[in-house]
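These notes concern the structure reproduced below.
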Amino acid sequence: MTPLRLDPNRLFPVDPRTRALTRELYAVAAPLPIVSPHGHTDPAWFATDAPWTDATELLVAPDHYLYRMLYSQGVSMESLGVPAHGRPGTADPRAAWSVFASNQHLFRGTPSRLWLDHVFAEVFGFDVRLDAKTADLYFDRIGELLATPAFRPRALYDRFGIELLATTEGADDDLAHHKAIRASGWHGRVVTAYRPDAVIDAEHEQFRPALAKFAALTGEDVATWRGYLAAHAKRRQDFIAMGATSTDHGHPTALTANLSPAEAEALFQRVMGTGSASAADAEMFRAQMLTEMARMSLADGLVMQIHPGSCRNHNRALHRAFGRDKGADIPTRTDYVGALRPLLDAFGNEPGLSIILFTLDETSYARELAPLAGHYPCLTLGPPWWFHDSPEGMRRFRAMTTETAGFYNTAGFNDDTRAFLSIPARHDVARRIDCGYLAGLVAEGQIADWEAAELAVDLAYNLARKAYKLDVEDVPSPRQRPA
Amino acid sequence: MTPLRLDPNRLFPVDPRTRALTRELYAVAAPLPIVSPHGHTDPAWFATDAPWTDATELLVAPDHYLYRMLYSQGVSMESLGVPAHGRPGTADPRAAWSVFASNQHLFRGTPSRLWLDHVFAEVFGFDVRLDAKTADLYFDRIGELLATPAFRPRALYDRFGIELLATTEGADDDLAHHKAIRASGWHGRVVTAYRPDAVIDAEHEQFRPALAKFAALTGEDVATWRGYLAAHAKRRQDFIAMGATSTDHGHPTALTANLSPAEAEALFQRVMGTGSASAADAEMFRAQMLTEMARMSLADGLVMQIHPGSCRNHNRALHRAFGRDKGADIPTRTDYVGALRPLLDAFGNEPGLSIILFTLDETSYARELAPLAGHYPCLTLGPPWWFHDSPEGMRRFRAMTTETAGFYNTAGFNDDTRAFLSIPARHDVARRIDCGYLAGLVAEGQIADWEAAELAVDLAYNLARKAYKLDVEDVPSPRQRPA
Amino acid sequence: MTPLRLDPNRLFPVDPRTRALTRELYAVAAPLPIVSPHGHTDPAWFATDAPWTDATELLVAPDHYLYRMLYSQGVSMESLGVPAHGRPGTADPRAAWSVFASNQHLFRGTPSRLWLDHVFAEVFGFDVRLDAKTADLYFDRIGELLATPAFRPRALYDRFGIELLATTEGADDDLAHHKAIRASGWHGRVVTAYRPDAVIDAEHEQFRPALAKFAALTGEDVATWRGYLAAHAKRRQDFIAMGATSTDHGHPTALTANLSPAEAEALFQRVMGTGSASAADAEMFRAQMLTEMARMSLADGLVMQIHPGSCRNHNRALHRAFGRDKGADIPTRTDYVGALRPLLDAFGNEPGLSIILFTLDETSYARELAPLAGHYPCLTLGPPWWFHDSPEGMRRFRAMTTETAGFYNTAGFNDDTRAFLSIPARHDVARRIDCGYLAGLVAEGQIADWEAAELAVDLAYNLARKAYKLDVEDVPSPRQRPA
């Protein structure tokens with residue numbers, strides 16, 4: 001068996017002086033509470049506080065980072081217990097775990113490896129590596145621990161030092177789990193975010209059923225443009241009541257539009273008509289709705305997140321067999337300069353508007369996003385996202401955005417994950433990389449050490465609170481921020 | 001008050017051995033005269049040698065790098081004294097300076113911070129940082145110094161060790177300031193460059209008035225294609241008489257065209273017609289004019305600079321309220337491979353032609369620009385421009401162009417600035433970064449130390465002189481180049 | 001004369017600890033045999049084993065990396081002895097060598113410099129640098145050595161420790177040299193690869209003559225769609241008989257198509273018709289043929305290589321005067337996400353299919369290629385290609401692909417060269433850079449040292465064998481892989 005030990009200096013710059021500076025900054029950032037303003041954990045976990053059953057169900061079957069990589073090397077989705085269309089996988093959990101354990105070499109050099117190492121060593125206390133020989137040891141021990149009170153969702157929330165955790169729900173969600181969390185009197189601050197893609201995107205496979213639920217939940221006639229908009233406004237209030245401070249929009253492109261009311265209504269009628277909308281109409285409707293959402297944000301204060309540029313379900317056969325989110329989403333080139341202009345022409349200088357921009361196209365960092373965020377008061381840059389939520393991805397983000405946008409037009413870190421146990425690992429990676437970047441600026445004489453220390457706290461904690469307007473609601477935090 | 005001290009090793013690599021190598025190379029490059037072959041300083045300064053009045057007027061109100069960043073964080077343009085449509089700002093200069101001083105944290109990690117540190121410490125001699133507490137101290141002291149002879153434009157030109165400084169004037173400029181400089185008998189070498197955008201770009205808001213002045217200054221009938229071209233040829237001679245060795249073209253794209261004479265004339269008539277030109281005609285006319293300018297460069301020897309890819313005045317409301325150049329220019333994706341082909345088909349192998357290419361789209365460095373410049377004899381790569389005139393921007397430029405284009409297809413450094421006091425700072429940053437890059441090649445065993453020393457002088461001094469043909473006129477330089 | 005000494009630590013990271021780690025990994029990778037599964041050496045060399053005549057003919061005249069750079073600085077192709085349309089250059093070889101020798105400074109910071117240093121020091125044993133003063137010394141000594149048995153092609157093949165070397169032949173090649181190699185009984189394993197561009201690309205200048213040879217070699221009626229496809233299938237078998245394990249496709253874009261049989265046949269008829277095909281038809285036919293080639297690969301097991309994104313013969317005047325491959329090929333933006341989808345929809349989940357993707361557009365590494373290869377079982381990433389076969393190019397490749405695709409979805413190294421003597425140099429550069437990258441992961445605590453050592457062997461040796469299915473034929477290798 002090979003040992004598993006986390007290097008306390010991991011991800012720090014290798015030059016001894018810069019490493020020492022990084023260590024000092026990290027000592028400031030590491031103990032700060034975790035603010036997780038955007039993610040995809042399941043609110044049912046915190047509503048019911050039911051224990052997870054086994055390592056495969058918790059760690060492998062729901063994690064598209066993991067089964068993507070295994071699939072690319074010829075491992076079948078079935079053998080890993082991946083659910084198909086929401087039905088639980090049929091593989092034996094122990095056998096699936098063994099397949100996963102035997103292929104750990106595939107993750108060398110990837111962030112999944114970093115997150116897994118952290119989860120295994122820090123959360124579960126393992127001191128030997130996962131491999132074919134230790135697969136059963138891992139599977140058994142994780143199963144035992146998950147059955148204990150200390151490994152229930154709420155206990156881990158506290159142990160992880162989480163101050164706030166946002167989930168993401170669709171416009172057709174009844175928010176029952178969030179209501180249950182609030183009704184339970186639990187001190188944890190788990191909030192929702194409004195993600196209306198399924199009722200905006202006529203190309204979404206759930207478009208019609210989601211619209212029906214949307215109508216039922218709001219009592220509005222969503223077949224009329226006026227009723228449809230009123231339904232959004234109502235649901236946004238429902239989400240605000242469940243702690244939401246943001247909306248989220250996962251469109252194929254960043255296109256916005258600002259049609260006249262008559263044009264917008266005519267487009268709406270075409271999109272909602274009995275036939276299927278043309279691709280051009282569907283795209284234009286998504287574009288128009290971003291501007292409508294911005295208009296509503298001016299009224300109700302919700303921060304907008306735009307997550308564009310993913311070609312979803314690229315592998316059609318896999319999509320047919322297993323459904324959405326199965327690792328076959330591929331980034332594409334994404335334009336922001338022309339795409340955002342209609343929205344910015346309408347509301348770009350409004351002091352009350354706040355839009356957080358994400359990208360999967362790193363070429364836009366220095367060329368488009370940093371210049372836009374470094375000018376428009378309403379724009380903030382979200383952290384490196386998805387495939388770029390990684391040490392090199394974070395380094396490229398800082399290196400390509402800071403010189404034009406500075407640090408204060410960025411939104412701190414998002415873990416954006418379904419993998420609850422990896423949340424501390426992901427924030428830890430971000431804090432390590434950011435402290436290393438700041439230490440580099442000090443070592444190069446660009447900023448003073450006290451400035452770097454201030455920034456280390458801002459990047460790990462303050463900027464996320466500010467960007468997501470999290471101070472509107474004062475809640476006790478499990479740890480106090482250092483003076 | 002916090003101290004302001006410039007680290008003598010700033011921007012050098014952090015590894016001790018590479019840092020020591022860098023220090024040796026920098027000792028060679030640092031004392032070389034400044035050659036500034038492309039920029040936007042005001043020739044009136046050197047014509048009149050009148051003193052500047054205060055810190056705000058000199059350092060903040062004209063600097064779009066600074067008010068861009070402040071505006072992005074909700075600071076109004078008015079409060080900073082930014083001029084609107086050429087009318088001086090209305091803010092109290094001391095109050096505007098205080099706003100600027102109180103927001104210095106926004107510039108952490110940006111090149112503006114490096115330039116400001118250098119100007120404050122080296123040019124004005126401050127040893128405490130600018131912040132809310134020292135705002136008045138700074139404002140008063142700068143005001144006092146600006147009133148002394150040592151801080152007049154010509155005195156600073158000498159103090160900065162400038163050997164040549166190019167300004168940029170439009171085709172409708174009467175060059176009165178340049179004439180006055182020459183008539184004054186002053187030893188400084190301040191030259192102009194021919195920037196005919198306003199008489200070429202039918203979408204430029206000054207297109208019609210600029211054309212009228214263009215006609216008046218040349219006596220040509222610029223409403224005819226033949227007269228219009230003749231007017232350009234004449235004005236180029238006017239500019240050459242004022243020391244110009246280059247033209248400059250700031251088009252939205254790098255598109256070139258090589259129409260037949262009849263097609264070109266028909267296009268010209270459509271563009272000049274009474275209605276407004278179509279966007280397609282305007283773009284095609286800019287494209288054709290790049291080729292016409294290349295043809296004239298073959299005749300008169302002027303070096304062409306092409307600065308494409310900025311979406312100007314992206315923020316329409318701000319453009320309406322304040323006019324051009326207010327920080328709302330955003331880079332866009334830029335193609336060179338197809339765009340330059342018509343011009344290169346016509347003149348790409350002409351030994352007399354010299355074109356310096358710039359980009360705001362760093363993705364073109366390794367993919368397009370280095371391969372083009374590493375093949376066509378007429379093409380040279382300009383230095384990293386505007387948003388990329390920064391430590392990381394310069395490192396990316398060298399890392400992405402050198403392996404294909406080498407060093408000798410690059411044009412040395414341009415400061416490209418309106419901020420005269422920052423010129424030594426900007427050249428210093430470039431020399432530090434380039435020496436660091438060369439030291440890295442030595443430390444990695446790619447080149448010998450003597451080669452790096454030769455290159456340090458070439459990058460800081462010789463390549464700019466060669467690319468801009470500055471040796472055609474022999475002028476005494478304030479310092480001698482080391483043997 | 002200045003000394004020529006290869007730094008034993010060249011291209012290693014400069015930080016002492018990481019450098020020491022790199023040295024240990026390199027000690028494992030350096031002695032491994034060379035596997036060269038894709039390149040452009042001339043099989044006639046190994047068939048005839050005839051000596052090369054002089055330094056210019058061997059090293060300068062055929063190397064577009066070298067004359068490209070010299071041409072960009074005004075050195076004429078004629079003066080370097082570059083062949084025009086296959087006719088040998090007319091320059092005096094010694095004079096051409098002297099021009100080359102006098103311009104060595106142009107290669108500072110380029111991979112050509114690294115390869116030349118290695119060839120001069122390691123292959124020819126020089127200990128002084130090539131420059132104007134040593135030009136004759138070099139020319140004479142190289143000429144003497146080339147006349148000796150130790151410098152014949154087969155002797156160098158053994159001396160270089162080559163285990164397998166693939167050349168690339170067109171579909172219209174009779175493979176006579178490969179037959180001669182096999183008939184000779186020589187132990188060297190020189191194989192071919194099937195590159196049918198000239199019979200697929202209707203815009204290729206050799207399209208019609210190549211089709212005629214293709215018909216003659218196969219006896220098929222290539223004017224019919226059925227006969228044309230049958231001819232490909234036959235020739236693929238011919239190539240397999242000469243050791244081929246791969247095909248190669250150098251299309252302008254990565255576009256694929258999956259037309260119905262009737263549509264494909266109609267397109268074929270238009271492309272083969274008497275007039276010249278439209279650009280759109282030519283592009284669609286190339287696209288369709290990639291899918292046809294994938295279909296044939298499923299049948300015969302050949303690995304597909306796709307090398308898209310080069311705008312060939314950009315300099316029309318030079319192309320007219322000298323022919324193809326004269327340094328005027330320029331990369332363009334390349335899309336993969338949409339372009340590959342038709343092929344992937346058809347065969348993307350077939351276990352028997354293997355496609356190696358290359359790019360000249362580095363922006364696709366992190367955005368498109370790593371996510372595609374990190375999901376589809378049939379896709380593997382080829383190494384950094386052509387302009388990116390360089391230290392920085394390799395570092396960017398690893399930094400931008402590993403976190404999403406890992407190491408095991410990559411194909412090891414290709415030298416892809418016509419310059420036989422540079423093959424050890426190129427593999428050495430790749431091994432040095434890869435070992436440095438792995439050492440960085442160890443120094444940052446991301447992987448263990450034993451994992452890095454395993455990867456050092458995989459990247460240098462195993463992955464190329466696996467990706468190109470080289471173990472299907474068991475041949476004795478000149479050196480044994482360490483246990």
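Letters A, B, ... mirror the listed sequences (proteins, then strands); counts begin at 1. Note that the coordinates shown come from a computational prediction; the quantities given were computed from them, not determined experimentally.
- Taking chain B as the reference chain and counting heavy-atom pairs below 4.5 Å, the highest number among C/His388, C/Lys326, C/Gln73 is found for C/Gln73.
- Interface remark: C/Arg432 contributes no atoms to any contact with chain B (heavy atom separation under 4.5 Å).
- Remark: the backbone N or O of B/Thr404 is paired with a side-chain donor or acceptor of C/Arg68 at under 3.5 angstrom.
- Looking at B/Leu372, the atoms closer than 4.5 Å to chain C (heavy atoms on both sides) sit in the backbone and in the side chain alike.
- Annotation: maximal heavy-atom pairing with chain B below 4.5 Å, among C/Val75, C/Asp361, C/Thr363, C/Asp15, occurs at C/Asp361.
- Top candidate by heavy-atom pairs under 4.5 Å with chain C, chosen from B/Gly348, B/Pro16, B/Ala366, B/Pro351, is B/Ala366.
- Of the listed residues (C/Leu11, C/Leu318, C/Asp7), the greatest number of heavy-atom pairs within a distance under 4.5 Å of chain B belongs to C/Leu11.
- Atom NE2 of C/His314 sits about 6.0 Å away from atom CG of B/Leu344, to the nearest 0.5 Å.
- Distance check: B/Glu451 CD to C/Arg113 CZ gives 4.0 Å after rounding to the nearest 0.5 Å.
- Contact annotation for B/Arg17: only side-chain heavy atoms (C-beta onward) come within less than 4.5 Å of a heavy atom of chain C.
- The contact between B/Ile447 and chain C is made by backbone and side chain atoms together, counting heavy-atom distances below 4.5 Å.
- Using a 4.5 Å cut-off between heavy atoms, C/Pro391 touches chain B through backbone and side chain atoms alike.
- Comparing C/Ala328, C/Gly74, C/Ser112, C/Pro8 by how many heavy-atom pairs each has under 4.5 Å with chain B, the most go to C/Ala328.
- For B/Ala405, the part lying under 4.5 angstrom from a heavy atom of chain C is the backbone only.
- Neither the backbone nor the side chain of C/Arg5 comes within contact range of chain B; no heavy atoms are under 4.5 Å apart.
- When the shell of 6.0 Å around CE of B/Met284 is examined, it contains 12 or fewer heavy atoms from other residues, nucleotides or ligands.
- Here the OH atom belonging to B/Tyr408 is positioned 5.5 Å from the NE2 atom belonging to C/His105, to the nearest 0.5 angstrom.
- When each of C/Leu106, C/Val14, C/Asn315, C/Ile330 is scored by its heavy-atom pairs under 4.5 Å with chain B, the top score falls to C/Asn315.
- Between C/Gly109 and B/Phe407 the shortest heavy-atom distance is CA-CE1, 4.3 Å.
- Heavy atoms of C/Phe12 lying under 4.5 Å from chain B belong exclusively to its backbone.
- The distance from the CD atom of B/Glu368 to the CG atom of C/Leu360 is 11.0 Å, given to the nearest 0.5 Å.
- Residue C/Ser390 touches chain B through both its backbone and its side chain, counting heavy-atom pairs closer than 4.5 Å.
- Contact record, C/Cys311 with B/Arg341: SG-NH1, 3.4 Å, taken as the closest heavy-atom pair.
- Between the B/Arg367 side chain and the C/Glu362 main chain, no donor and acceptor come within less than 3.5 Å of each other.
- Comparing C/Arg316, C/Arg395, C/Arg10 by heavy-atom pairs within less than 4.5 Å of chain B, the highest count is held by C/Arg316.
- Shortest non-hydrogen contact noted between B/Trp450 and C/Arg108 is CZ3-NH2, 3.6 Å.
- To the nearest 0.5 Å, atoms NE2 (B/His375) and CG (C/Leu70) are separated by 12.5 Å.
- From C/Asn9, atom CG reaches atom CD of B/Glu444 across 11.0 Å, with rounding to the nearest 0.5 Å.
- Ranked by heavy-atom pairs shorter than 4.5 Å toward chain C, the options B/Asp335, B/Asn409, B/Leu441 are led by B/Asn409.
- In this structure, the portion of B/Asp345 lying under 4.5 Å from any heavy atom of chain C is its side chain and not its backbone.
- In this structure, no portion of C/Thr334 lies under 4.5 Å from any heavy atom of chain B.
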